[in-house]
Each structure stands twice: as C-alpha cells, then as structure tokens.
Amino acid sequence: MLRVLAVDDEAPALEELAYLLRQDARIEHVTTAPDGVTALQDMVQMIGGGERLDGVFLDVRMPGLDGLDLARLVGGFPSPPKLVFVTAYDEWAVQAFDLEAVDYLLKPVRAERLAEAVRRLEAAASPPPEPGRDDVIPVELGGRTRFVPQVAVWFAEAKGDYVRLHTGDGSYLVRMSLAALERRWSEAGFIRIHRSTLVSARHVTELRFEGGRVSLTVGTETLQVSRRHTRQVRERLIRGPRTTFS
C-alpha cells in the first residue's frame with residue numbers, strides 16, 4: 001500500500017486529485033499541501049520522523065516554489081519519494097522526466113489515467129526482486145507446510161486479510177494482502193485484472209471480447225476483467241512480452 005502527498009495551489013484541483021487517489025485500493029494514505037513550500041516542510045517532517053512517503057503528485061506552476069524546483073530539492077533526499085507531475089501544461093514533460101518522474105499527467109485528470117500512474121508509482125516504489133530466485137509461498141495445511149511455487153499459480157483472489165492461490169492441483173489460503181503479493185510478483189508477469197484478482201500472464205491461454213466486456217481463460221478458469229483494468233490487461237497480454245514455460 002502506498003503513502004502519497006498531493007500538491008497543488010488550486011484548491012478544487014487538489015481536492016479532486018486527493019479524492020481520486022483515495023478511491024484507489026493501492027493507496028493507503030493521502031496527505032495534501034497547498035503549495036511547494038508547505039509540501040517541502042511536510043516532507044521534511046514526515047521523512048525526518050521516520051514516516052514512509054512513497055510518492056508525490058505535484059503541480060508544476062505554483063507560486064513561491066514551483067513543482068520543478070521542488071522536485072530538484074526532493075532529489076537531494078537520502079531516499080527520495082517517487083514523483084508524478086500533474087499539470088495543465090505539456091511543455092515541461094522533458095524536464096520532468098529528466099528529474100526521473102514516474103509519470104506526467106495532464107489536467108483534467110481522468111480516473112483511468114491516474115490509475116495507470118499509480119501502477120507505475122507502485123512498481124517504481126517496490127524493491128526489485130532478488131535475481132535468480134524461484135519464489136515460493138509456504139502454506140500451512142493441518143500440521144504440514146506445503147511450498148507453493150510462484151510458477152504453479154494460475155491466479156490469486158483477495159479474501160479479506162487472506163489471499164487464495166489457485167493452481168492446477170488445488171487452491172490454498174495464505175495470510176497476506178493481494179497488494180503485497182502484487183508487489184512481490186509483478187516482475188514475474190502477474191497482472192491485476194480486477195481489484196480482487198491477480199493473474200499470471202504465463203497461464204493465460206485466451207482473451208475474449210464480448211459485448212464490451214473482456215474475459216480471459218487462465219488454466220481451466222474463465223475470469224472477468226474489470227473495465228478499469230481492461231486497457232492495462234490488453235497492453236500487457238497483447239502488446240507486451242510474456243513469460244512462458246520452456
């Protein structure tokens with residue numbers, strides 16, 4: 001789950017951005033700041049106090065300390081949060097990405113475009129996976145521990161504080177959040193198709209479009225893709241590289 005700061009000197013735009021961020025299940029906490037100076041003070045206080053800050057959504061044109069200058073200052077932090085620019089102007093995009101911004105959004109911000117920015121932020125804020133390690137999940141089964149390998153999992157479903165892992169030989173309930181599993185396995189080709197479902201791209205055998213709805217076949221199961229995640233799923237499965245068994 002992500003903890004973020006939203007910065008904009010226009011109150012309606014700031015309120016709308018904060019509202020949209022709070023609707024995203026991947027966002028744990030949203031703090032707001034009405035200008036660059038306040039944002040810098042808040043960041044120093046938060047980070048200095050040991051509070052985690054994963055990302056900053058900031059406007060460019062602000063009085064006093066604008067977004068680009070704020071980004072340069074943030075870049076000097078020992079462990080700087082990731083940056084997403086949100087502005088009505090496109091002429092600073094090159095400078096923003098030179099400052100290693102994760103994304104650059106144009107106002108008015110669309111919910112689906114913001115969701116993509118959050119996905120990029122989450123990926124950038126997650127620690128890289130350990131190279132060469134075949135990840136497994138230990139599952140307790142009545143006094144026995146079964147190790148479920150990542151490559152055997154077709155898809156995972158959120159079940160409250162648990163996740164149910166579906167494989168070819170059964171399903172297993174483990175105590176962890178779907179968001180944590182997504183961070184852990186995103187680099188291994190697991191993609192979100194619904195707020196409660198994570199799918200392994202390697203096991204997807206069919207993508208179907210019917211009546212404006214999208215579904216996919218994974219293993220022996222057919223799963224619905226939410227409208228919110230349709231574009232991302234299509235790009236990952238049709239246009240992007242996929243990991244398959246040799």
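Just so you know, residue 1 is the first one in the sequence shown, and it goes up from there. Scope of the values below: all heavy atoms of this structure, side chains included, with no hydrogens, waters or symmetry mates.
Sequence neighbours left out, the pairs with a member in residues 5-18 that pass side-chain hydrogen bond (donor to acceptor under 3.5 Å, both in side chains) are Asp8-Lys107. For residues 72-87, every residue pair satisfying the side-chain hydrogen bond (donor to acceptor under 3.5 Å, both in side chains) rule, not counting sequence neighbours, is listed here: Asp69-Arg72.
The distance from atom OG1 of Thr38 to atom CG of Leu65, rounded to the nearest 0.5 Å, is 10.0 Å. Here the NE2-CZ distance, from His229 to Arg234, works out to 16.0 Å after rounding to the nearest 0.5 Å. Residue Ile191 holds its CD1 atom at 11.5 Å from OG of Ser186, rounded to the nearest 0.5 Å. Here Leu165 contributes atom CG and Leu181 contributes atom CG; the two are 6.5 Å apart, rounded to the nearest 0.5 Å. Note that CZ of Phe209 is 9.5 Å distant from CG of Leu216, once rounded to the nearest 0.5 Å. Here the OG1-CD distance, from Thr197 to Glu182, works out to 11.0 Å after rounding to the nearest 0.5 Å.
When the side chains of ILVMFWY residues are joined at heavy-atom separations under 4.5 Å, either directly or via intervening members, Leu68 and Leu83 end up in a single hydrophobic cluster. Residues Ile193 and Trp154 are members of one and the same hydrophobic cluster, defined by side-chain heavy-atom contacts under 4.5 angstrom among Ile, Leu, Val, Met, Phe, Trp and Tyr. When hydrophobic clusters are built by joining Ile, Leu, Val, Met, Phe, Trp and Tyr residues whose side-chain heavy atoms come closer than 4.5 Å, directly or via intermediates, Phe147 is not grouped with Val153. Cluster annotation: Val139 is not connected to Tyr162 through the hydrophobic network of ILVMFWY side chains, with a link wherever side-chain heavy atoms come within less than 4.5 Å. Under the 4.5 Å side-chain heavy-atom criterion for Ile, Leu, Val, Met, Phe, Trp and Tyr, Leu173 and Met176 are members of distinct hydrophobic clusters.
Looking at every heavy atom in both residues, Met1 comes nearest to Ala179 through SD-CB, 4.3 Å. Closest approach of Val174 to Pro138, counting heavy atoms only: CG1-O, 4.1 Å. Residues Ala180 and Ser177 share a closest heavy-atom pair of N-OG, 3.0 Å. Contact detail for Gly67 and Leu58: the closest heavy-atom pair is O-CD1, 3.2 Å. Nearest approach of Tyr104 to Tyr89, heavy atoms of both residues: OH-O, 2.6 Å. Closest heavy-atom contact between Val74 and Pro81: CG1-CD, 3.6 Å.
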Worksheet item: Passes side-chain contact (heavy atoms from CB on, under 4.5 Å), Val60 versus Phe85? Steps please.
Response: CA-CA 7 Å; Val60 175; Phe85 284 90; 3.6 Å; yes

Discussion item. Determine whether Arg3 and Asp54 satisfy the following criterion, salt bridge (charged side-chain N to carboxylate O under 4.0 Å, His left out), listing intermediate values before the conclusion.
Written reply: CA-CA 5 Å; Arg3 300 179 65 86; Asp54 300 299; over 6 Å; no

Discussion item. Apply salt bridge (charged side-chain N to carboxylate O under 4.0 Å, His left out) to residues Glu112 and Arg231 and explain how you reach the verdict.
Written reply: CA-CA 9 Å; Glu112 59 271 22; Arg231 181 177 178 181; over 6 Å; no

Practice prompt. May I have the step-by-step check of side-chain contact (heavy atoms from CB on, under 4.5 Å) for Leu207 and Val214, ending in yes or no?
Written response: CA-CA 7 Å; Leu207 193 61; Val214 178; 3.8 Å; yes

Practice prompt. Start with the C-alpha gap between Glu28 and Arg52, add the side-chain angles, then the distance that decides, and say whether salt bridge (charged side-chain N to carboxylate O under 4.0 Å, His left out) holds.
Written response: CA-CA 11 Å; Glu28 176 185 351; Arg52 194 182 86 247; 3.4 Å; yes

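Distance alone, capped at 3.5 Å, is enough to place a donor-acceptor pair between the His203 side chain and the Val151 backbone. When atom types are taken as modelled, the side chain of Ser171 and the backbone of Thr167 share no donor-acceptor pair closer than 3.5 angstrom. Under the 3.5 Å distance criterion, the side-chain polar atoms of Arg26 are matched with a main-chain donor or acceptor of Ala115.
Every residue meeting the side-chain contact (heavy atoms from CB on, under 4.5 Å) condition with Gln224, not counting sequence neighbours, appears here in chain and number order: Arg213, Ser215. Looking at residues two or more places apart in sequence or on another chain, you find a salt bridge (Lys or Arg N to Asp or Glu O under 4.0 Å) between Arg119 and Glu116. Scored by the salt bridge (Lys or Arg N to Asp or Glu O under 4.0 Å) test, Glu91 finds no partners at all (sequence neighbours excluded).
At least one side-chain heavy atom of Val218 sits under 4.5 Å from a side-chain heavy atom of Leu223. Looking only at side-chain heavy atoms (C-beta outward), Asp135 and Arg184 come within less than 4.5 Å of each other. A 4.5 Å side-chain heavy-atom check between Arg183 and Phe190 finds every atom pair outside the cut-off. A 4.5 Å side-chain heavy-atom check between Val163 and Glu157 finds every atom pair outside the cut-off. With contacts defined as side-chain heavy-atom distances shorter than 4.5 Å, the pair Val7/Asp59 does not qualify. Using a 4.5 Å heavy-atom cutoff, the side chains of Leu5 and Met43 are in contact. A 4.5 Å side-chain heavy-atom check between Val136 and Val148 finds every atom pair outside the cut-off.
The number of heavy atoms from other shown groups lying within 6.0 Å of CD (Gln23) is above 12.
Hydrophobic clustering, defined by side-chain heavy atoms of Ile, Leu, Val, Met, Phe, Trp and Tyr closer than 4.5 Å, groups Leu20 together with Leu2, Val4, Leu17, Tyr19, Leu21, Ile27, Val30, Phe57, Val84, Val86, Val102, Leu105, Val109, Leu114, Val118, Leu121.
Taking the six-membered ring where the residue is Trp, Phe155 and His166 present parallel rings, their angle staying beneath 30° rather than reaching 60°.
Using modelled atom types and a 3.5 Å distance limit, the side chains of Tyr172 and Arg164 yield no donor-acceptor pair.
Salt bridge Arg195/Asp24: absent, no basic N to carboxylate O contact under 4.0 Å.
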